[in-house]
There are 4 protein chains.
Amino acid sequence: MDKASKKRVEIMEAAYKVFSEKGYHSTRIEDIAVETGMAQGLFYRYFDNKLDLFSQIIDMIIARIAAGVMSDAPGSSDTLEEYTEQLERAVDNLFEIFVEDPIISKLLFYEARSVDDTVNKKIQDSLDLFADFSSQYIKDGIEKGFLRPDIELRETAYAFNALIFEGARRIMLAKDKKKAKKVWKKVIVDLAIGATARH
Amino acid sequence: MDKASKKRVEIMEAAYKVFSEKGYHSTRIEDIAVETGMAQGLFYRYFDNKLDLFSQIIDMIIARIAAGVMSDAPGSSDTLEEYTEQLERAVDNLFEIFVEDPIISKLLFYEARSVDDTVNKKIQDSLDLFADFSSQYIKDGIEKGFLRPDIELRETAYAFNALIFEGARRIMLAKDKKKAKKVWKKVIVDLAIGATARH
Amino acid sequence: MDKASKKRVEIMEAAYKVFSEKGYHSTRIEDIAVETGMAQGLFYRYFDNKLDLFSQIIDMIIARIAAGVMSDAPGSSDTLEEYTEQLERAVDNLFEIFVEDPIISKLLFYEARSVDDTVNKKIQDSLDLFADFSSQYIKDGIEKGFLRPDIELRETAYAFNALIFEGARRIMLAKDKKKAKKVWKKVIVDLAIGATARH
Amino acid sequence: MDKASKKRVEIMEAAYKVFSEKGYHSTRIEDIAVETGMAQGLFYRYFDNKLDLFSQIIDMIIARIAAGVMSDAPGSSDTLEEYTEQLERAVDNLFEIFVEDPIISKLLFYEARSVDDTVNKKIQDSLDLFADFSSQYIKDGIEKGFLRPDIELRETAYAFNALIFEGARRIMLAKDKKKAKKVWKKVIVDLAIGATARH
DNA sequence: TATGAATGAGATTTCATTCAT
DNA sequence: AATGAATGAAATCTCATTCAT
């Protein structure tokens with residue numbers, strides 16, 4: 001990475017923090033400059049404007065989540081138990097991503113939607129991508145005969161993701177995060193498997 | 001209702017529209033004034049400032065939803081079929097609220113969260129209230145022996161609500177809203193009953 | 001006095017109070033309306049505008065003071081003792097006017113000067129008139145041989161008035177107004193007679 | 001002095017002029033900006049708001065006057081003549097301060113009182129300080145046996161200051177300022193010494 | 001005469017962005 | 001590359017005054 005890119009990332013990290021604390025609109029370029037420890041004017045050497053910065057931060061966040069998600073593809077599972085265990089691991093993995101960096105969801109779910117249409121579209125698209133991924137899981141489950149074949153694929157994928165996000169949000173609000181994570185994992189897996197598994 | 005209250009509501013309706021179109025931050029008081037057909041200055045006779053107005057609109061929305069939700073309490077159901085039908089009606093009812101007035105969810109789910117901590121807290125609280133309501137349904141189902149007694153009550157209620165909201169969001173994005181509504185109703189009821197019913 | 005004039009005076013009394021409490025610029029027409037117990041709009045039936053009202057109040061105050069001052073003209077005094085006693089009574093009389101209604105000086109000396117040039121001119125003129133009056137006293141004293149003939153008439157009159165005003169201001173700030181009044185009377189009379197009397 | 005302080009002073013000087021010409025309330029930030037030759041917005045980099053600026057200007061004025069006043073302390077005087085001459089020099093000195101910069105008194109005596117309670121308090125306090133100073137003079141005169149020992153110290157000090165201020169005001173209104181200054185000096189010294197000296 | 005809602009001009013203040021150094 | 005002062009375009013909010021009833 002060249003020096004300029006390094007600086008860009010440095011600014012993004014600082015801004016990421018400030019944005020999540022104060023929100024997009026209440027954050028002034030000066031706040032970011034102070035956090036980065038540089039002069040205001042310099043900011044504009046690295047980013048076109050405030051929105052450009054925010055947009056790139058959202059890209060970064062999405063990329064990170066995507067990387068985390070994609071890291072464990074629907075692997076091989078020969079029994080429903082194995083399939084369930086795989087699902088558990090996936091949920092765990094996702095929770096980890098959100099809980100480890102609680103700023104992410106605040107920025108992504110609360111702030112970003114109201115900033116700008118382009119940014120919103122970006123998030124929308126990433127959610128679709130995320131749903132694609134979940135679909136793969138379900139499809140795999142159906143093909144292997146673990147899940148009922150009459151499932152509404154797309155909607156169930158969205159529903160599943162919504163459960164993950166809700167779980168992540170609630171875990172973040174919980175005092176005992178460890179326990180909350182455990183309970184939510186159970187609730188989600190029970191809902192998902194319990195409702196979709198073949199009997 | 002006195003004249004002043006009528007005017008207040010008139011402004012709120014106009015602002016409601018403008019906020020949902022342009023978002024909170026991009027809406028200027030003048031936009032609201034123009035939409036209401038009055039001079040800017042008059043606004044401040046009825047509201048302290050933009051946030052005050054927005055906050056009251058959120059109150060109004062929450063009250064409306066609450067009224068819609070509370071209107072059909074968990075009624076009498078003697079069989080699982082009846083219980084399921086009741087659930088279907090409830091989901092239908094909720095979808096109706098959001099779809100009938102798509103602005104609501106845009107404002108409530110996208111805009112409001114990033115506006116102000118007090119407003120956010122308000123929404124948080126209303127979601128808790130909403131979860132209370134869902135809990136009643138589930139409890140009723142357990143007591144009557146339709147649902148498994150080992151369900152995590154609170155989390156399942158939140159999860160259920162998250163599914164409703166996701167459904168509402170997706171229906172609003174769908175071209176064929178009627179069909180989308182049908183499919184989502186099925187998905188949610190299947191998930192809910194399929195996973196929680198006693199076998 | 002006709003009904004309209006009565007109302008005008010009523011408004012002036014109310015405004016007089018509000019102006020002295022909040023100052024000219026911080027007083028809104030609505031404050032005056034509230035104090036008078038009438039509607040805002042009605043104000044403009046009785047006065048052209050805010051400045052017009054203030055100006056008339058200042059006129060009223062000046063007239064009142066003038067009336068009080070003029071009430072005891074330089075009377076007959078045959079000895080320096082009598083002359084001194086007359087002076088004492090005059091000072092007493094003036095203090096009474098200011099102390100009895102402390103609002104007067106706040107309005108006249110603090111507020112009015114910064115409001116408008118015309119109003120300022122008015123006060124300036126009234127001070128001149130007041131100085132004329134004091135001059136009469138001094139002249140009388142000189143003519144009767146009580147005071148030194150080489151006194152700078154005009155300046156001494158202004159100086160004397162300045163002492164009165166300063167005394168009034170200080171008395172109003174004092175806790176024990178009665179005592180303060182006594183002391184100031186002594187100081188002023190001593191200064192005036194002590195310095196100007198023939199030895 | 002650093003660059004920022006220099007700019008602050010520059011703005012204060014410009015504002016000082018504008019305030020004295022138009023008065024506090026009629027002066028807009030833009031007027032000050034124009035006078036300084038800068039953009040409006042820049043003003044807020046150096047001052048919180050108009051009142052903050054005005055308050056600091058008043059501080060500056062008071063400090064200047066105080067410096068001028070304190071510069072000649074009650075010196076050594078062995079005879080009443082010397083004491084009188086010293087007094088004359090002090091009065092001269094004070095007149096010089098006010099006449100040299102007529103804006104001062106306009107701002108201090110007319111404008112400042114009606115602006116804000118804090119500012120008014122500031123002036124009140126400085127007048128007290130000023131009276132302290134005059135008291136020293138009088139005390140010195142008493143101790144040396146030039147003045148009567150039964151003088152009301154505090155009140156006489158206030159009275160003396162009131163004379164100075166009245167003189168300053170009148171001199172500024174006079175056409176022939178030089179002559180006015182001479183006359184007023186005589187009047188004040190005559191009043192002060194004539195009335196308080198031991199005979 | 002009375003009401004009080006409505007108007008609209010204007011002042012303050014903020015801050016993203018530019019620019020001279 | 002870096003600084004931070006300077007710009008200027010909004011946006012909010014206030015309130016004297018007018019107007020319809």
Side-chain angles (χ1 to χ4, degrees), chain A residues 2-4 6-7 24-34 36-54, chain B residues 2-4 6-8 10-11 25-33 36-53, chain C residues 2-4 6-7 24-34 36-54, chain D residues 2-4 6-8 10-11 25-33 36-53:
Chain A
D2 61 356
K3 224 175 142 191
K6 221 185 271 177
K7 187 91 188 178
Y24 178 79
H25 290 98
S26 299
T27 297
R28 293 164 303 145
I29 296 297
E30 211 197 328
D31 297 327
I32 295 167
V34 167
T36 321
M38 69 180 189
Q40 267 196 76
L42 195 52
F43 171 85
Y44 290 87
R45 277 210 163 254
Y46 296 98
F47 296 93
D48 287 348
N49 50 43
K50 192 173 153 181
L51 183 56
D52 175 39
L53 165 67
F54 188 76
Chain B
D2 62 353
K3 227 173 140 189
K6 223 184 271 177
K7 185 91 192 178
R8 229 188 315 274
E10 192 193 328
I11 295 172
H25 289 100
S26 301
T27 298
R28 293 163 307 141
I29 298 299
E30 210 199 331
D31 298 327
I32 295 166
T36 320
M38 69 184 189
Q40 267 199 73
L42 193 54
F43 172 85
Y44 293 90
R45 209 170 227 278
Y46 297 97
F47 297 93
D48 287 347
N49 49 43
K50 198 164 91 167
L51 183 56
D52 176 37
L53 165 67
Chain C
D2 60 357
K3 225 174 140 191
K6 220 184 274 176
K7 186 91 191 179
Y24 178 79
H25 289 99
S26 300
T27 298
R28 293 164 303 144
I29 297 298
E30 210 197 328
D31 297 328
I32 295 167
V34 166
T36 321
M38 71 181 188
Q40 267 196 73
L42 195 52
F43 171 86
Y44 290 87
R45 278 209 161 254
Y46 296 97
F47 297 92
D48 286 350
N49 50 45
K50 193 173 153 181
L51 183 57
D52 175 38
L53 164 67
F54 189 76
Chain D
D2 62 354
K3 226 175 141 189
K6 221 181 273 177
K7 185 90 192 178
R8 230 188 312 275
E10 191 194 330
I11 295 172
H25 289 101
S26 301
T27 297
R28 292 164 305 139
I29 298 300
E30 209 198 331
D31 297 327
I32 296 167
T36 320
M38 68 182 188
Q40 269 200 70
L42 193 53
F43 172 86
Y44 292 90
R45 210 170 225 279
Y46 297 98
F47 297 93
D48 285 348
N49 48 45
K50 198 163 92 166
L51 182 57
D52 176 37
L53 165 67

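Owing to the predicted nature of the structure, the values given are computational and were not obtained by experimental measurement. Chain A is the first sequence line, chain B the second, and so forth, proteins listed ahead of strands; every chain is numbered from 1.
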> Whole-Å distance between E:dT12 C1' and D:Asp31 CG?
Replying inline: 13 Å

>> What's the separation between atom CD1 in D:Ile32 and atom CD1 in D:Ile11, rounded to the nearest 0.5 Å?
In response: 9.0 Å

> For F:dA6, does either OP1 or OP2 sit under 4.0 Å from a side-chain N or O belonging to D:Tyr46?
Replying inline: yes

> Mind checking what makes salt bridge (Lys or Arg N to Asp or Glu O under 4.0 Å) contact with B:Glu10, not counting sequence neighbours?
Replying inline: none

> For nucleotides 13-21 of chain E, read 5' to 3', which letter fits each nucleotide if B means a protein heavy atom sits under 4.0 Å from the base, S means only the sugar-phosphate is that close, and - means neither?
Replying inline: BBBSBB---

> Choosing from E:dA2, E:dT7, F:dT7, which nucleotide comes nearest the side chain of B:Ala39?
Replying inline: E:dT7

Tell me which donor-acceptor pairs under 3.5 Å the side chains of residues 39-49 of chain B have, and how far apart each pair is, sequence neighbours excluded?
unit_1: B:Asn49; atom_1: OD1; unit_2: B:Leu51; atom_2: N; d: 3.3
unit_1: B:Asn49; atom_1: OD1; unit_2: B:Asp52; atom_2: N; d: 2.9

>> For F:dG4 and D:Lys3 - does any side-chain N or O of the residue sit under 4.0 Å from the phosphate oxygens OP1/OP2?
In response: no

> Starting at the 5' end of DNA chain E and moving along, which residue's nearest nucleotide shows up first, C:Ala4 or B:Gly37?
Replying inline: C:Ala4

> Taking all non-hydrogen atoms of both residues, which atom of C:His25 and which atom of C:Lys50 are closest, and how far apart?
Replying inline: O-NZ, 3.9 Å

> Using Watson-Crick and G-U wobble pairs whose two distances are both under 3.5 Å, how do you write the pairing of DNA chain E as dot-bracket, with | for links to another strand?
Replying inline: .||||||||||||||||||||

